[in-house]
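Below is one structure, written out as structure tokens; the observations come after it.
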Amino acid sequence: MEGGPVDGPVSVEATFRSEFGRVVATLVRLFGDIDLAEEAVQQAFVVALERWPTTGAPPNPGGWILTTARNLVIDRLRRESSRQDRHTQAALIHHVDETREIGPVQDDRLRLLFTCCHPALAQPAQVALTLRLLGGLQTQEIARAYLVPETTMGQRLVRAKRKIRAAGIPYRVPGQTELPGRLRSVLAVVYLIFNEGYTATTGTDLLRRDLSGEAIRLSDLLSELMPDEPEVHGLLALVLLVDARRAARTAADGSLVLLFDQDRSLWDRDQIARGHTVIAGCIRRNQPGPYQIQAAINAVHTSAASAAETDWPQILQLYDQLLVQVPTPIVALNRAVALAEVRGAAVGLADIDLLDLRDYHLLHATRADLLRRLDRPGEAAEEYRNALTLVKNDAERRFLEARLSTVME
């Protein structure tokens with residue numbers, strides 16, 4: 001027996017979240033086929049679901065999944081090859097055992113990230129494919145993150161994988177001359193993975209630490225790979241500063257705690273210090289970009305000893321800069337929150353009412369909060385109900401339900 005009997009589904013789920021992307025990336029390097037790698041890893045987890053409840057989880061669950069998936073691929077390729085083709089089989093095993101790549105970064109997940117972000121793919125497909133293969137997100141989770149139907153996202157993923165195969169897109173980190181052209185998509189992917197880890201679109205828990213941790217790790221690798229790109233460092237500073245508040249974002253019962261109400265003694269001060277150092281280096285370069293500006297906003301938040309001491313005029317000024325570079329409704333919504341702090345809830349609400357984000361639960365939640373502050377409880381209650389019809393995460397749902405009950409008292 002490999003270990004004591006455990007709750008199989010829970011153990012397998014935890015392993016899936018932490019190891020799926022790493023194992024898929026390793027198999028893609030070994031065999032060069034994304035579909036083959038993904039299917040084998042999924043099959044390996046099915047085997048784990050069957051065995052681990054009685055045998056217990058192995059001492060190294062990720063290694064067990066990798067070995068099982070690798071053997072499944074080899075068995076499949078052997079079955080599909082000609083019985084007489086012994087030389088091909090021998091070459092296959094040799095390739096699996098000996099394949100190595102000499103390049104700027106020897107990391108399987110980073111190689112897969114750049115493969116998924118190849119310019120031959122449209123950016124929505126790049127992001128979706130990476131979230132699926134590296135983040136292990138299900139199709140419906142990615143669809144919700146993009147506010148598109150699940151069938152649309154499923155078709156997008158299938159087409160992306162077919163395009164990689166048909167175009168012969170290489171599985172490698174591109175050379176130094178190619179790196180800048182891939183940067184925008186790669187950063188977007190890493191940031192979306194982080195966001196899914198920081199506020200999960202679905203599920204009972206608000207946080208998925210495996211995903212946010214993976215995004216920080218990838219950001220670190222990118223900063224080593226591209227030391228002269230300010231936006232790479234801006235992203236690293238951003239994820240460090242936002243993640244530093246993680247321990248204070250939920251109460252003991254798992255419920256959401258807003259930034260205004262967080263116990264700042266729980267913030268990771270070492271991580272904040274590192275984030276401030278990174279963003280200070282970006283500022284000295286004087287080449288501001290969206291990630292650097294967002295990092296600067298979070299640097300202001302994390303510099304305040306209390307919510308009351310937050311420098312909201314500076315945050316509003318930074319959002320003004322961000323909105324010029326990224327003129328999206330989401331940025332405008334965040335700017336309206338800062339505007340409400342500087343010029344009052346009524347002014348912020350007027351800005352929000354200009355936005356077309358009816359299917360975004362945070363717009364309704366923000367409107368509800370401002371209406372509550374304006375002593376308009378009936379309208380606030382209606383907006384909390386609107387947000388509740390759209391929210392998918394249970395922790396956020398419980399928070400909204402609690403707020404709704406307060407305005408109805």
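All values below were derived from every heavy atom in this structure, side-chain atoms included, with hydrogens, water molecules and symmetry-related copies excluded. Quantities reported herein were computed from a predicted structural model and do not represent experimental measurements. For this chain, numbers begin at 1 and follow the sequence in order.
A donor-acceptor contact shorter than 3.5 Å is absent between the side chain of Q126 and the backbone of S185. Of the possible donor and acceptor atoms, one in the side chain of Q271 sits under 3.5 Å from a partner among the backbone N and O of L240.
Nearest heavy-atom pair, I272 versus A244, reported as atom, atom and distance to 0.1 Å: CG1-CB, 3.5 Å. Closest heavy-atom contact between R246 and S212: NH1-OG, 4.3 Å. In plain terms, the two heavy atoms of P329 and L355 that are nearest each other are O-CD1, 3.8 Å. Contact detail for L349 and L370: the closest heavy-atom pair is N-CD1, 3.7 Å. Nearest heavy atoms, L133 versus E38: CD2-OE1, 3.6 Å. Across A307 and W312, no two heavy atoms sit closer than the pair O-NE1, 4.4 Å.
Expressed to the nearest 0.5 Å, how far CG of D268 lies from OG1 of T302 amounts to 11.0 Å. Rounded to the nearest 0.5 Å, atoms CZ (R109) and CD (E214) are 4.5 Å apart. Rounding to the nearest 0.5 angstrom, the gap separating the CG atom in L129 from the SG atom in C117 is 8.5 Å. Here the CG atom belonging to D394 is positioned 12.5 Å from the OG atom belonging to S255, to the nearest 0.5 angstrom. Here CG of L259 is found 8.5 Å from CG of D261. Values are rounded to the nearest 0.5 Å.
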Practice task
Under the side chain to side chain donor-acceptor pair (under 3.5 Å) rule, what do H364 and E382 come out as? Steps first, then yes or no, please.
Solution key: CA-CA 9 Å; H364 297 286; E382 182 180 356; over 6 Å; no
Practice task
Quick one: do L236 and L222 satisfy side-chain contact (heavy atoms from CB on, under 4.5 Å)? Show the steps, please.
Solution key: CA-CA 9 Å; L236 176 59; L222 285 168; over 6 Å; no
Exercise for the section: Decide side-chain contact (heavy atoms from CB on, under 4.5 Å) for V257 and R249; before the verdict, give the C-alpha distance in whole Å, the side-chain angles of both, and the deciding distance to 0.1 Å. Expected result: CA-CA 5 Å; V257 180; R249 288 193 71 228; 5.7 Å; no
Practice task
Test R184 against Q123 for side-chain contact (heavy atoms from CB on, under 4.5 Å), laying out the working first.
Solution key: CA-CA 9 Å; R184 182 178 178 183; Q123 190 178 56; 3.8 Å; yes
Practice task
Go through the steps for K392 and R397 under the test side-chain contact (heavy atoms from CB on, under 4.5 Å), then give the verdict.
Solution key: CA-CA 7 Å; K392 303 299 180 183; R397 178 180 299 280; 5.7 Å; no
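T139 and E150 form no side-chain donor-acceptor contact under 3.5 Å, judged by distance and modelled atom types alone. Looking at R245 and N298, their side chains do bring a donor and an acceptor atom within 3.5 Å of each other. Between the side chains of Y384 and E401, no donor N or O sits under 3.5 Å from an acceptor N or O.
T152 pairs by the side-chain contact (heavy atoms from CB on, under 4.5 Å) definition with P149, R156, not counting sequence neighbours. Looking at residues two or more places apart in sequence or on another chain, you find a ring-ring contact (aromatic ring centres under 6.0 Å, His included) between F194 and Y198. In this view, A280 and R284 satisfy the side-chain contact (heavy atoms from CB on, under 4.5 Å) rule, not counting sequence neighbours. Listed by chain and number, the residues in a side-chain contact (heavy atoms from CB on, under 4.5 Å) with R285 are P230, H233, Q287 (sequence neighbours excluded). Not counting sequence neighbours, H276 has no partner by the ring-ring contact (aromatic ring centres under 6.0 Å, His included) test. Applying the side-chain contact (heavy atoms from CB on, under 4.5 Å) test to F16 and every residue at least two apart in sequence or in another chain returns F20, F45, Q138.
The shortest distance between side-chain heavy atoms of P61 and W52 falls below 4.5 Å. Between V232 and L183, some side-chain heavy-atom pair lies under the 4.5 Å cut-off. At least one side-chain heavy atom of R51 sits under 4.5 Å from a side-chain heavy atom of W64. No side-chain heavy atom of D108 sits less than 4.5 Å from a side-chain heavy atom of V28. Between L363 and R358 there is no side-chain heavy-atom pair separated by less than 4.5 Å. Using a 4.5 Å cut-off on side-chain heavy atoms (C-beta onward), N386 and E383 make contact. In this structure the side chain of L256 never reaches within 4.5 angstrom of the side chain of R398, judged on heavy atoms.
Checked against the 6.0 Å centroid criterion, the rings of W267 and H301 do not qualify as a close aromatic pair.
In this structure, D353 pairs ionically with R367, as a charged nitrogen and a carboxylate oxygen lie closer than 4.0 Å. Salt bridge annotation for E341-R373: present, with a cationic side-chain nitrogen under 4.0 angstrom from a carboxylate oxygen. Using a cutoff of 4.0 Å between basic side-chain nitrogens and carboxylate oxygens, E379 and R372 are not scored as salt-bridged. Ionic pairing of R274 and D220 is present here: one or more N-O contacts between side-chain nitrogen and carboxylate oxygen are shorter than 4.0 angstrom. Between R335 and D320 there is a salt bridge, since at least one side-chain N of the basic residue sits less than 4.0 Å from a carboxylate O of the acidic one.
The only option from L238, L241, V239, V331 that meets the side chain to side chain contact (heavy atoms under 4.5 Å, CB included) definition with Q294 turns out to be L238.
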